[in-house]
There are 2 protein chains.
Amino acid sequence: MKKQDTTEEKIIAAAKKVFIAKGMMGARMQDIADEAGINKAMLHYYFRNKEKLFDKIFTEAFLSFWPKINDLLDADINLFQKIESFCHSYIDVLIENPYVPIFVLNELNRQPAVFIQKIFTSGPPKVGKLLRQIEADVKADKIKAISPVQLFINMVSMCVFPFVGKPMLQAAFGMNDLQFRKMVELRKTEIPRFIIDSISK
Amino acid sequence: MKKQDTTEEKIIAAAKKVFIAKGMMGARMQDIADEAGINKAMLHYYFRNKEKLFDKIFTEAFLSFWPKINDLLDADINLFQKIESFCHSYIDVLIENPYVPIFVLNELNRQPAVFIQKIFTSGPPKVGKLLRQIEADVKADKIKAISPVQLFINMVSMCVFPFVGKPMLQAAFGMNDLQFRKMVELRKTEIPRFIIDSISK
DNA sequence: GTCTATAACTCGATAGAC
DNA sequence: GTCTATCGAGTTATAGAC
């Protein structure tokens, strides 16, 4: 929590909470005003309209993890280390922001073009180096033959999916919130191990 | 396409398309009426209100894959065969219904309790046998030690995630629709191979 | 900057003719 | 069963006082 607690900051905090919980279409300006403890008119005074406010929140949510993840992919470390650090850091970020993935994926599917445009202007994916590392290690016979793209998708899938499927997984396996949390924590080391076991010769 | 093309069927087809594309909150009754080429009042004549219409569509979408997947998990085949058949069949279903996962996950996160209730009444997850198979194979030293739950989550994650993250993956790797399709097709065999490589001794 | 009041509009739902 | 017309609730957005 910041010392500075201006109206604008209160609005952003409230809007973040409401938009992430209900999505662009489900959220009501009144909900956000209530959450912020201010008047509805203030929202328009500061952000003009709902669309602009949403855009602000979405961009902020997206930037809360994208640059960090992106830099990890571009780091100068060997493949196994990179897989470990990526999974560890990514899951840490997701634990801190468990509802962001479904929020982002939802918007991604609602307006793919707008979304992609936003990503590429705010720093395009730096996945190239990782793909080349995988390819090089395959050629050097350090790991089994595998498509770099497939491997990358496997890694991201295993990190992200549990967060978007949480209620279903909890129901299927009878996990309460604490147990779910423990299970996800474990994945920080289990996913790298699973991947490395698979590709090691 | 059926020969029988009653108004009710036209409504259901239109509602499915619109709801899956825009979700419960984003969809408009007018959109559905337009898509069906009929009048808005007809929607209420046949389904009373939006909620009931949505429920119909959601249940139908959910049942379009749930029972099939569920039965696969419960089949009497060995572990490796089960992993192969599950990934193959699941991805086949997903290719046929690529927008269903984000639709379902969205609803899942919007109203977890309602959703879970619905699942359990329409046939609870039959994941038990698979988990016991994994456990048994670990004990019998047929595969490496791994948590059955973690392994299951890995498998489902790798199958489903590409479909919810499609636009992002296409952008990141510069894939057009055909290339994406090929990539996903490949995963029907790549995911089982990846998993089996990982857990084999 | 902040509030109250209300305009302007969207959308689900209904009435009633045919 | 199907349509047109319209109501009424709920929401975004604005006007205007303080």
query = Is the side chain of A:Ser157 donor-acceptor paired with the backbone N or O of B:Phe161 at a distance under 3.5 Å, no angle test?
reply = no
In whole angstroms, the gap separating C1' of D:dG1 from CE of B:Met42 amounts to 5 Å
Rounded to whole Å, CD1 of A:Ile38 lies from C1' of C:dT4 at a distance of 14 Å
Checklist line | Electrostatic pair B:Lys118:B:Asp55 at N-O distance under 4.0 angstrom | finding: yes
Under a 4.0 Å heavy-atom cutoff, the residues of residues 47-59 of chain B touching DNA chain C are B:Asn49, B:Lys50
For this session: Find out whether A:Asp34 and A:Arg28 are in side-chain contact, i.e. whether some heavy atom of one side chain is under 4.5 Å from a heavy atom of the other.
Result: no
**OP:** Establish, with yes or no, whether the OP1 or OP2 oxygen of C:dG1 is under 4.0 angstrom from a side-chain nitrogen or oxygen of A:Thr7.
**Re:** no
Specify whether B:Phe62 and B:Phe65 have parallel, tilted or perpendicular ring planes, treating 30° as the upper limit for parallel and 60° as the lower limit for perpendicular.
perpendicular
Separation of C:dC11 atom C1' from B:Lys40 atom NZ, nearest Å, is 6 Å
Taken to the nearest whole Å, CD1/A:Ile11 to P/D:dA13 is 14 Å
- Query: Is A:His44 near enough to D:dT14 that one of its side-chain N or O atoms lies under 4.0 angstrom from OP1 or OP2?
  - Reply: no
Below 30° counts as parallel, above 60° as perpendicular, anything between as tilted: where do the rings of A:Phe86 and A:Phe152 land? tilted
Is it the case that over 12 heavy atoms from other parts of the model lie below 6.0 angstrom from the OH atom of A:Tyr99?
no
Separation of C:dA15 atom P from B:Asn39 atom CG, nearest Å, is 16 Å
Result for 5'-nearest mapping on DNA chain C, choosing between A:Ala41 and B:Tyr45, is A:Ala41
### Lys NZ or Arg CZ of A:Lys166 over A:Phe180 ring: under 6.0 Å, within 45°
yes
Under a 4.0 Å heavy-atom cutoff, the residues of residues 15-34 of chain A touching DNA chain C are none
B:Lys10 NZ to D:dT2 P, in whole Å, measures 8 Å
field: Within 6.0 angstrom of B:Lys139 NZ, more than 12 heavy atoms from elsewhere
entry: no
With a 6.0 Å cut-off (strictly less than), is the heavy-atom count around NZ of A:Lys56, excluding the residue itself, greater than 12? no
